Engineer: 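Below are the structure tokens for one structure; questions will follow.
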Amino acid sequence: MNTLSTPPDPPLLPVRDPRARDLVLDYAEMHALVGDLVLPGGASMYVMSTLETSRELIRHSYYRYEFATVAVTHSLFALEQVLSERLATNEPLHVLIERATGAGLLPAELAVDLDRSRLLRDKLAQGAESSSALRPIRAVAMLRAVFDAVSLLLRPPSATTATAADVGGAQPGGGLARLWEDHLRALFPDGFRGVDFDGVDLVLLDADVAGLVQRELKGGLDDSGIACLWRCIADLDRIVPLINEEYCTSYFAKLRTMAQVAAAPYIPAAT
């Protein structure tokens, strides 16, 4: 009688996800891909762990493509935590981004990138996107925006204000003026004229926001203008997750960010 036990099968080694075949030659090159995602100093253990996990998810997207999208959405936990602590308020992420931009803690351009990640997270939650939404290269760029934002927010108040001014404009209107210039250069999404989502006509919404931003740049909004701007932002919050075409989504996400920056001076200060 043979009493020798049967040796266990050797463990299966992970293999490259075929969707990552055009990304890098081998797993070792994934290290260079995330090499500049440096953990910010002075962060809490929670924030450090969250960002490190996000970075490692990017690295391991070599084996599982969906990890790239998960990395971006996971990093938003750290961003939300740091924003809440810095602003001393507990509100939805899009409101925190608005407040930080209006207070000069984040440049408007960075806020656009952060809000794009937030919109992706919302689409995933609503089943409007899948976990394979992002290519790893794109995910790295979006994750870098979160790393940059956290680093800015963790700096002393004087240093943060100076850095945000350097990137986003020395005066609050500087960031809005640049967003307005970018908007003027952008083409309205082809095929979406006369289209409405949830009762909101895209052309009219675009025109309303444009008119209000112009008024803000020329001297400021009165009470009725402010109320109209907040209604536009509410409409954008509602319809952007419903748009299923990439350029159109991007166009109206940027419109929403521009509207938020225009509305920032009229947000009550956090207490």
Side-chain angles (χ1 to χ4, degrees), residues 43-44 46-47 50-51 72-126 128-129 142-143 145-155 157 160-161 164 167-169 172-173 175-176 179 198 200 205 208-209 212-213 216 220-221 223 225-243 249-250 252-271:
S44 67
Y46 172 81
V47 170
T50 302
L51 292 180
V72 173
T73 56
H74 186 73
S75 71
L76 296 180
F77 293 128
L79 175 66
E80 193 161 4
Q81 174 79 12
V82 173
L83 280 168
S84 294
E85 291 178 352
R86 185 63 190 272
L87 296 170
T89 184
N90 186 20
E91 296 182 271
L93 181 55
H94 73 275
V95 176
L96 294 173
I97 294 172
E98 290 170 17
R99 286 187 179 275
T101 306
L105 300 177
L106 294 173
E109 293 86 348
L110 186 56
V112 171
D113 294 332
L114 298 175
D115 204 55
R116 190 174 290 118
S117 297
R118 181 196 65 81
L119 287 167
L120 172 63
R121 182 198 64 182
D122 292 349
K123 285 187 174 183
L124 286 166
Q126 296 158 3
E129 272 290 4
M142 296 174 75
L143 187 56
V146 175
F147 271 68
D148 290 346
V150 170
S151 295
L152 270 178
L153 292 164
L154 290 174
R155 291 179 181 178
T160 301
T161 302
V167 178
L176 181 60
L179 291 173
D198 199 19
V200 177
L205 180 59
D208 286 345
V209 172
L212 291 163
V213 168
E216 173 64 16
L221 297 171
D223 289 345
I226 295 167
C228 184
L229 182 58
W230 284 117
R231 285 195 297 271
C232 289
I233 291 172
D235 285 342
L236 286 161
D237 281 343
R238 195 167 75 254
I239 64 102
V240 168
L242 303 178
I243 302 172
T249 299
S250 174
F252 280 94
K254 291 177 181 178
L255 186 72
R256 182 187 181 282
T257 298
M258 183 172 67
Q260 289 174 330
V261 173
Y266 307 105
I267 300 174
T271 56

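Being a predicted model, the structure only gives us computed values, none of them experimental. Both backbone and side-chain heavy atoms feed into the values below; hydrogens, waters and symmetry mates do not.
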Engineer: Taking the side chain as every heavy atom from C-beta outward, state whether Leu105 and Leu87 have any atom pair closer than 4.5 Å.
Structural biologist: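 Yes; the side chains approach each other to less than 4.5 Å.
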Engineer: So, Asp122 and Arg118, do they make that salt bridge, N to O below 4.0 Å?
Structural biologist: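 Here Asp122 pairs with Arg118 in a salt bridge, since their nearest N and O are under 4.0 Å apart.
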Engineer: Nearest heavy-atom pair of Leu106 and Leu114: which atoms, and what distance?
Structural biologist: CD1-CD1, 3.8 Å
Engineer: Over all heavy atoms of both residues, which pair between Glu91 and Glu80 is shortest? Give the atoms and the distance, please.
Structural biologist: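 The pair with the smallest heavy-atom distance is O-OE2, 3.9 Å.
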Engineer: Start with the C-alpha distance between Glu109 and Asp113, add both sets of side-chain angles, then the distance that settles side-chain contact (heavy atoms from CB on, under 4.5 Å), and finish with yes or no.
Structural biologist: CA-CA 7 Å; Glu109 293 86 348; Asp113 294 332; 5.8 Å; no
Engineer: Minimum heavy-atom separation for Leu83 to Ala100, with atom names?
Structural biologist: CD2-CB, 3.6 Å
Engineer: Has Tyr266 got a side-chain atom pairing as donor or acceptor with Leu221's backbone, closer than 3.5 angstrom?
Structural biologist: yes
Engineer: Between the side chain of Thr249 and the main-chain N/O of Ile243, is any donor-acceptor distance below 3.5 Å?
Structural biologist: yes
Engineer: Which atoms form the tightest heavy-atom contact between Leu76 and Ser117, and what is the distance?
Structural biologist: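 For Leu76 and Ser117, the tightest heavy-atom pair comes out as CD1-O, 3.7 Å.
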Engineer: Quick check: closest heavy atoms across Val240 and Lys123, and the distance to 0.1 Å?
Structural biologist: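 Shortest heavy-atom separation between Val240 and Lys123 comes out as O-CE, 3.9 Å.
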Engineer: For Thr89 and Arg99, what are the C-alpha separation, side-chain angles and deciding distance, and is it a side-chain contact (heavy atoms from CB on, under 4.5 Å)?
Structural biologist: CA-CA 10 Å; Thr89 184; Arg99 286 187 179 275; 4.2 Å; yes
Engineer: With a 4.5 Å heavy-atom cut-off, do Cys232 and Leu255 have their side chains touching?
Structural biologist: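 Side-chain contact under 4.5 Å: no.
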Engineer: When you measure from the side chain of Arg86 to the backbone of Leu153, do you find a donor-acceptor pair of N or O atoms at a distance under 3.5 Å?
Structural biologist: yes
Engineer: Kindly give the heavy-atom pair with the smallest separation between Leu236 and Ala259, and that separation in Å.
Structural biologist: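 So the minimum-distance heavy-atom pair works out to CD1-CB, 4.5 Å.
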